[in-house]
There are 2 protein chains.
Amino acid sequence: MARTTITDVAREAGVSATTVSLVLNGRNAERFPEATRRRVHDAAAALGYAPNVLARGLRTQRTHTVGLISDRITTTPYAVAMVEAAQDVAREHGRLLFLVGTDGDPAVEADAVRALLAQQVDGIVYAAMWHRPVAPAAPLPAGTVYLDCFPEAGGGPAVVPDDRAGAVAAIRLLVAAGHRRIAYVDIGEDPAPLASGLRHTGYLDVLREAGVTPDPALHVRSATATAADAADAVDGLLALPADRRPTALFCFNDRIAAGAYASARHHGLVIPEDLSVVGYDDQQLIATELDPPLTTVALPHYAMGRWATEVLLGVTPPPDAADGVLRMPCPLVERGSVSPPRAP
Amino acid sequence: MARTTITDVAREAGVSATTVSLVLNGRNAERFPEATRRRVHDAAAALGYAPNVLARGLRTQRTHTVGLISDRITTTPYAVAMVEAAQDVAREHGRLLFLVGTDGDPAVEADAVRALLAQQVDGIVYAAMWHRPVAPAAPLPAGTVYLDCFPEAGGGPAVVPDDRAGAVAAIRLLVAAGHRRIAYVDIGEDPAPLASGLRHTGYLDVLREAGVTPDPALHVRSATATAADAADAVDGLLALPADRRPTALFCFNDRIAAGAYASARHHGLVIPEDLSVVGYDDQQLIATELDPPLTTVALPHYAMGRWATEVLLGVTPPPDAADGVLRMPCPLVERGSVSPPRAP
DNA sequence: TCGGTTTAGTCAAACGGTTTACCGCTCGGC
DNA sequence: GCCGAGCGGTAAACCGTTTGACTAAACCGA
């Protein structure tokens, strides 16, 4: 199992290690006659030579590896697309990806950063599993790109979903369908996730732009993101008399939308005829499986993961926004849960 | 940004690089007096010294990195727990994890293996996202551990879920509750996944052991794993007259179980009173969100991921089964979708 | 014939650690 | 006074590759 080294190839080809290195890396390759180049290539192929990238990295100070560090890797199906995108971009550019999860523990995170630096990674993507400000536990090298989060202290290229714009698109869809009484079924977690406020802002903006005075009673909160809690939160709204009951629900996420479906069923309301519903996140297992399939706003995890890694590798320019934060659009995915309200 | 080297530390501490290396690695550390050791440690701390693991790996031939290679990393929430487990074990043992996905492309896979070997990884975990035999596209080094798959050619430590035993547990639960007419709602994909046959075998074994003659009419197939197709497949069963209708359904997976819920609702049957349902996979977003919550069999992804990585690192002994394959138990997760059948 | 240029390479020094072998000194025992 | 053993530590080789400096031989024009 002794791996073959450049010296073995040199011996086999009857040249020096320098020549092998030069030829194989195509540096000044034209300095060598075709015959020599062939001999080197043939010898390398025959011996199955693959350069030891440790030795190379030691010499060149570039390892062609990148690190992806994140709080929870993948405990939810949520953000795996970000990891996948990072891995895809890395592969496309001949890089290898170190994956490390910190489980939200600052000590672990600090260790992870040290370990990655000791590995001489060419760069680090610092990812969060949900859109929020972060305060890294250990100093990150210059050039670190923030994914689905941004440094509390400001600066640094970063990419997050444009939650406000996503809500705007969702509410505009409902308004265009003719809805006026639109409820926002928010999440009641404390502290409120950043996305909660941003989506609320977008909701309010569109209502005002449509000349609708927002009714605070139509802003309800589900204690958690479980369908059961969400159903409880929605029950109150759907129990209202028909002329005060909302005709459409904008849900903080798809799980809450699933709860809304349950509540609607319980109240004998048919979606979308009696009640239109829009979700957020576009979680495959929920949005496509609900009946009718859920119209929702997709979080652009894959696109964000790609962008972050491409910026890290320098193949995409960093954002020119003053704060260095790119807000990635959240596409509206229209399925079957929105229709015009019933004529009164 | 010039990283501090062992030489810097040596100069600061007034000793040679050799001494620093020996002291910091605790090798023969007792040969040096306490005072010297302190000086070295203090200097290292003051300078924030972290050894360059490339240089170390070059010399020691061990990199403390492992590679995890898999067909689809994470396209489904499915197997992310395997990745997470591998990452956890790696971290616990001071290793760093390379993650590479091949998207099922043999050329990409061969490249990935070469890249990992060039990185001098200490070992490789070869993972599949669903239980099946595999034929690696490039020769894998000795010691490679197979995760959720096993080499077609045989051999090699490998771990897969014990699908037969999982089905046995599920059907025993139903039989113990008093069910006799139990249907198996299989998946109709071609070729059939290995798990499909294994679970069927377990299903048949328990029926026979309970003295029930399996009724082939109760083995139906859903064209795909979507809830809609599953509902179609189940509709035929539930339309049967009450005395021939199954009182319980064993579903190939949770998505199919979700379809069964829809069909049951459509036929006015209440789960579990009129119809007991057991799923497979224990997908969080489905099993816990259904109403009532779904009793199901969990795939031990996390446990398998841990085991594979621990075997790779040599902290867990390889299986002594002749074929080198460990069949990991699939725990039965009892929720609310099973009850005794209605008295006839 | 001779100096200069091109051709076709090679040498040796890094890169930053680990490891083997050895060294100078002191001290105790005989 | 000599030997051997500990003590405290270092020098140098080595891991595999890249790279800047260098060179022997061939060629070439004057």
Side-chain angles (χ1 to χ4, degrees), chain A residues 1-41 43-44 47-65 114-115 117-122, chain B residues 1-41 43-44 47-65 114-115 117-122:
Chain A
M1 185 66 193
R3 304 190 23 72
T4 81
T5 77
I6 201 173
T7 318
D8 299 331
V9 178
R11 191 180 317 114
E12 176 83 5
V15 297
S16 72
T18 301
T19 301
V20 175
S21 173
L22 261 21
V23 168
L24 256 29
N25 293 314
R27 304 179 75 78
N28 282 2
E30 63 293 343
R31 305 201 322 96
F32 298 97
E34 173 63 18
T36 305
R37 282 183 279 176
R38 275 221 75 74
R39 282 214 317 285
V40 170
H41 279 120
L47 269 46
Y49 170 69
N52 181 326
V53 295
L54 265 61
R56 170 181 290 170
L58 185 57
R59 181 68 236 255
T60 63
Q61 307 287 38
R62 315 217 54 233
T63 56
H64 290 256
T65 59
R114 268 193 288 275
L117 291 179
Q119 280 286 348
Q120 318 292 117
V121 294
D122 291 343
Chain B
M1 185 65 191
R3 303 187 26 71
T4 79
T5 76
I6 200 172
T7 317
D8 299 331
V9 177
R11 189 179 319 113
E12 176 83 6
V15 296
S16 73
T18 304
T19 302
V20 174
S21 174
L22 260 21
V23 168
L24 255 30
N25 292 313
R27 302 180 75 79
N28 283 359
E30 62 294 342
R31 304 201 323 95
F32 298 98
E34 173 64 16
T36 304
R37 281 183 281 176
R38 274 221 76 74
R39 280 215 317 285
V40 170
H41 279 120
L47 270 45
Y49 170 69
N52 180 327
V53 296
L54 265 61
R56 170 183 290 169
L58 186 59
R59 181 69 239 253
T60 61
Q61 306 286 40
R62 315 219 55 235
T63 57
H64 291 254
T65 59
R114 270 193 286 277
L117 291 179
Q119 280 285 348
Q120 318 292 114
V121 293
D122 290 345

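Per chain, numbering begins at 1; letters A, B, ... match sequence-line order. Values below: all heavy atoms of this structure, side chains included; hydrogens, waters and symmetry mates excluded.
Once rounded to the nearest 0.5 Å, the distance linking CG of B/L24 with OG1 of B/T19 reads 11.0 Å. Distance CD/B/Q61 to CG/A/L54: 9.0 Å, rounded to 0.5 Å. Interatomic distance, A/N25 CG to A/T60 OG1, rounded to the nearest 0.5 Å: 10.0 Å.
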For this session: Mind running side-chain contact (heavy atoms from CB on, under 4.5 Å) on A/D8 and A/E12 for me, showing each step along the way?
Result: CA-CA 6 Å; A/D8 299 331; A/E12 176 83 5; over 6 Å; no
Exercise. Under the side-chain contact (heavy atoms from CB on, under 4.5 Å) criterion, do A/V15 and A/F32 qualify, and how do the steps go?
Worked result: CA-CA 11 Å; A/V15 297; A/F32 298 97; over 6 Å; no
Problem set entry | Verdict with reasoning, A/V53 to A/H64, per side-chain contact (heavy atoms from CB on, under 4.5 Å) | CA-CA 9 Å; A/V53 295; A/H64 290 256; over 6 Å; no
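Using a 4.0 Å cut-off on heavy atoms, the residues of residues 49-65 of chain B that approach DNA chain D are B/L58, B/R59, B/Q61, listed by number.
Between the side chain of A/R27 and the main chain of A/L22, no donor-acceptor pair closer than 3.5 Å is present. A donor-acceptor contact shorter than 3.5 Å links the side chain of B/D122 to the backbone of B/T63.
Going from atom CG of A/L47 over to atom C1' of D/dG16 covers 15 Å, rounded to whole Å. The separation between A/I6 atom CD1 and D/dT18 atom C1' is 8 Å, rounded to whole Å. Distance, A/R11 CZ to D/dT17 C1': 16 Å, rounded to whole Å.
Between the base of D/dT19 and the side chain of A/T18 there is a donor-acceptor pair shorter than 3.5 Å.
Nucleic acid contact for A/T19: base, since at least one base atom lies under 4.0 Å from a heavy atom of the residue. Residue contacts shown for B/T5 are limited to sugar-phosphate atoms, with no base heavy atom under 4.0 Å away.
In the helix from C/dT1-D/dA30 to C/dC30-D/dG1, the terminal helix axes, each the rotation mapping four pairs' C1' atoms onto the next four within five end pairs, subtend 70°, rounded to 10°.
A donor atom on one side chain and an acceptor atom on the other are not found under 3.5 Å apart for B/S21 and B/T18. Using modelled atom types, one finds a donor on one side chain and an acceptor on the other under 3.5 Å when comparing A/R3 with B/Q120.
At least one side-chain heavy atom of B/T65 sits under 4.5 Å from a side-chain heavy atom of A/Q119.
Between A/V15 and B/A17, the one whose closest nucleotide on DNA chain C sits nearer the 5' end is A/V15.
Residue B/S16 has a polar side-chain atom (N or O) positioned under 4.0 Å from OP1 or OP2 of D/dT10.
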Show me the protein contacts with nucleotides 6-8 of chain C, counting only N or O atoms at under 3.5 Å.
residue, atom, partner, partner atom, Å
C/dA8, N7, A/R31, NH1, 3.0

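Taking every side-chain heavy atom of A/N25 into account, D/dT18 is the closest of D/dT19, D/dT18, C/dT20.
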